[in-house]
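Each remark here refers to the structure printed beneath this line.
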Amino acid sequence: MNHGLPKLDRRQLLAAGAALAAAPLSYSLPVRGQRAPSDPVRLGVIGYGIRGRNLLKSSFLPNDGFRVTAVCDVDETRRLVGKALVDERYGDDACAVESEHGALIARDDVDAVVIATPDHWHTHQILDACAAGKDAYCEKPLTLTLRESQIVIDAVRKAGIVFQTGSQQRSEYEHRFVKAAEAVRAGRIGRVLSVHVGVGDAPVPCDLPTEEMEPGLDWDRWLGPAPMRGYNEILSPRGLHGHYPLWRKYREYAGGGLADMGAHHFDIAQWALEMDDSGPVKVVPPRDPSSKRGATLVYANGVRLIHGGPHGATFIGEDGMIAVDRGRISSIPGDILEWEPESEADRLPRNTGHAANWLDRIRDRGVPICSAEVGARSAAICHLMNIAYIHRQELDWDPVNWRFEGNDEANAWLDYERREGYGLPG
């Protein structure tokens with residue numbers, strides 16, 4: 001039965017095949033969003049320090065929806081240990097190793113990447129993933145500078161990749177942060193007056209002495225866009241280490257303790273204040289020029305976001321207070337949290353896990369709970385706070401155009417000069 005279609009003889013079929021072969025490849029190949037639900041997402045992991053290792057062990061290797069196919073690190077020992085962990089999980093010797101992230105991203109057996117490198121590398125690797133059309137999960141703080149935040153938002157939007165920022169407090173910790181954000185949004189504490197975030201200090205310039213380095217680390221590649229300097233083990237401890245290295249303390253590579261945990265707790269503040277696609281309009285340094293606490297960002301509605309107070313985020317309103325951290329949530333009065341949203345529209349998502357949420361959105365090509373814009377704008381809060389401490393000036397910020405209003409000197413602080421050969425891609 002030919003259902004009314006004309007029959008083609010062998011000569012016609014050959015001619016049609018030749019025409020197709022000669023035609024330009026303008027048609028679309030199947031995309032990752034069309035994969036069968038049973039097909040695992042093939043994952044490449046960039047950065048196998050303690051955070052990359054913990055992500056693999058807790059989130060990606062246990063999830064059968066992912067298949068880790070490649071590991072990349074500039075340290076030979078770390079990448080080989082990463083391969084061994086992956087191969088042990090799957091019972092084979094199939095995991096590839098790469099010393100440069102570009103080689104991993106370009107692999108045909110990698111559909112998506114996990115970026116767990118020092119902060120000064122994040123934007124470069126995100127942009128390379130965008131250029132290759134690879135979905136991405138990147139650790140927080142998402143960026144090192146305000147300009148990088150703007151660039152990342154635009155690049156991810158243009159590329160159409162599924163992007164998750166590793167701000168897992170929106171998905172995990174028994175949903176304490178979800179409950180707090182819901183209650184604040186619902187007006188359970190009345191009009192919000194201020195949010196106090198207790199995290200560490202602003203970064204300092206790196207002044208570490210040069211030390212002798214044993215073979216196996218590509219130090220030039222570890223530095224990447226950062227200024228050239230001699231090796232010091234505080235920045236990149238050799239081999240497999242069980243602590244979070246203190247490159248986080250230094251301005252050339254990160255945003256200090258303020259950005260390290262601040263990216264988590266300022267993120268919750270932004271979420272509860274419904275500012276995921278915006279930000280504050282004023283930067284106010286502490287009154288005491290030597291103070292390491294007290295920098296304040298002011299939103300257009302008058303809410304003040306203040307660096308300082310108990311660890312975590314504390315929301316102060318006209319009718320009460322909510323304090324939340326990873327291991328606790330409380331309120332004054334106590335009955336503020338004895339409440340459930342009246343409709344599903346007022347409820348925030350309760351995901352089974354942050355990586356699982358990313359996987360679900362890869363499957364349906366939707367937007368994860370902590371998209372590139374969410375992560376970039378939360379990182380921007382950290383950068384604005386750090387600018388308040390470093391430069392000690394009151395500034396007007398335009399969150400739409402990503403500029404300081406009427407201050408060319410301050411706009412020079414939006415980014416930094418990268419080392420030759422490491423300009424931003426694209």
Side-chain angles (χ1 to χ4, degrees), residues 118-123 139-153 165 167 195-207 225-227 235 244-270 275 278-299 304-309 311 313 374-399 402-405 407-418:
D119 303 356
H120 68 293
W121 263 114
H122 286 178
T123 295
E139 269 305 310
K140 40 53 59 187
L142 197 56
T143 63
L144 185 64
T145 70
L146 288 163
R147 178 172 175 263
E148 286 183 355
S149 283
Q150 184 183 22
I151 288 171
V152 162
I153 292 170
T165 306
S167 296
V195 187
H196 302 255
V197 173
V199 291
D201 297 345
V204 298
C206 187
D207 60 355
L235 299 177
Y244 285 91
L246 286 182
W247 53 258
R248 291 164 172 79
K249 176 181 177 180
Y250 298 105
R251 194 182 301 172
E252 293 85 347
Y253 321 110
L258 188 151
D260 187 39
M261 284 304 296
H264 284 299
H265 295 305
F266 290 127
D267 178 68
I268 298 304
Q270 285 270 106
M275 286 288 169
S278 185
V281 297
K282 187 173 287 293
V283 179
V284 183
R287 292 181 180 178
D288 180 352
S290 65
S291 177
K292 295 182 178 181
R293 299 291 184 276
T296 301
L297 306 181
V298 185
Y299 291 86
R304 299 172 70 83
L305 179 58
I306 302 167
H307 173 223
H311 198 272
V374 168
R377 288 194 177 273
S378 294
I381 297 293
C382 303
H383 305 328
L384 291 169
M385 286 286 188
N386 279 332
I387 284 172
Y389 288 112
I390 294 167
H391 299 288
R392 305 281 172 167
Q393 293 185 27
E394 187 167 318
L395 301 163
D396 293 319
W397 174 247
D398 180 351
W402 293 83
R403 303 282 293 174
F404 292 106
E405 295 183 349
N407 194 321
D408 291 338
E409 179 190 20
N411 284 322
W413 307 331
L414 296 175
D415 205 22
Y416 71 102
E417 186 175 348
R418 288 163 180 79

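Everything numeric in this text was worked out from a predicted model, so none of it was measured. Along the sequence shown, residues carry numbers from 1.
In D288, the CG atom is crowded: over 12 heavy atoms of neighbouring residues, nucleotides or ligands sit closer than 6.0 Å.
The distance from the NE2 atom of H265 to the CD atom of Q270 is 15.0 Å, given to the nearest 0.5 Å.
For the residue pair E148/T123, the side-chain donor-acceptor check at 3.5 Å is satisfied.
By the 4.5 Å heavy-atom criterion applied to side chains, W397 and I387 are not counted as neighbours. Contact of the C382 side chain with the L258 side chain is registered, since non-hydrogen atoms from C-beta on lie closer than 4.5 Å. Residues Q150 and L414 have side chains not in contact (no heavy-atom distance under 4.5 Å, counting atoms from C-beta outward). For the pair H122 and V152, the minimum side-chain heavy-atom distance is 4.5 Å or more. Looking at heavy atoms from C-beta onward, P286 lies out of side-chain contact with H307 at the 4.5 angstrom threshold.
Look at R293 and D201 and you find a salt bridge, because one of the NZ, NE, NH1 or NH2 atoms lies within 4.0 Å of a carboxylate O, short of that distance.
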Item to check | Derivation and outcome, side-chain contact (heavy atoms from CB on, under 4.5 Å), residues Y250 and L235 | outcome: CA-CA 9 Å; Y250 298 105; L235 299 177; 3.9 Å; yes
Checklist entry - Given L305 and H196, is the side-chain contact (heavy atoms from CB on, under 4.5 Å) satisfied, shown in steps? => result CA-CA 6 Å; L305 179 58; H196 302 255; over 6 Å; no
Next on the checklist: Using the rule given for side-chain contact (heavy atoms from CB on, under 4.5 Å), can you reason through K140 versus H264, listing the C-alpha separation, both sets of side-chain angles and the distance that settles it, and then say yes or no?
Outcome noted: CA-CA 8 Å; K140 40 53 59 187; H264 284 299; 3.4 Å; yes
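In this structure, W413 and H391 have parallel ring planes: the angle between them is below the 30° cut-off, well short of the 60° mark.
Cation-pi geometry between R418 and Y416 is met: under 6.0 angstrom from the ring centre, within 45 degrees of the axis.
Of all heavy-atom pairs spanning Y299 and I381, the tightest one is OH-CD1, 3.8 Å. Considering every non-hydrogen atom in both P203 and A254, the closest pair reads CB-O, 3.9 Å. Residues D267 and A263 share a closest heavy-atom pair of CB-O, 3.0 Å. Here the closest non-hydrogen pair linking Y389 and R392 is O-NE, 2.8 Å. Scanning all heavy atoms of the two residues, the minimum distance from N386 to G255 falls at ND2-O, 3.1 Å. Across all their heavy atoms, V283 and L384 have their closest contact at CG1-O, 3.7 Å.
Side-chain atoms of R287 do not come within 3.5 Å of backbone N or O of G294 as any donor-acceptor pair.
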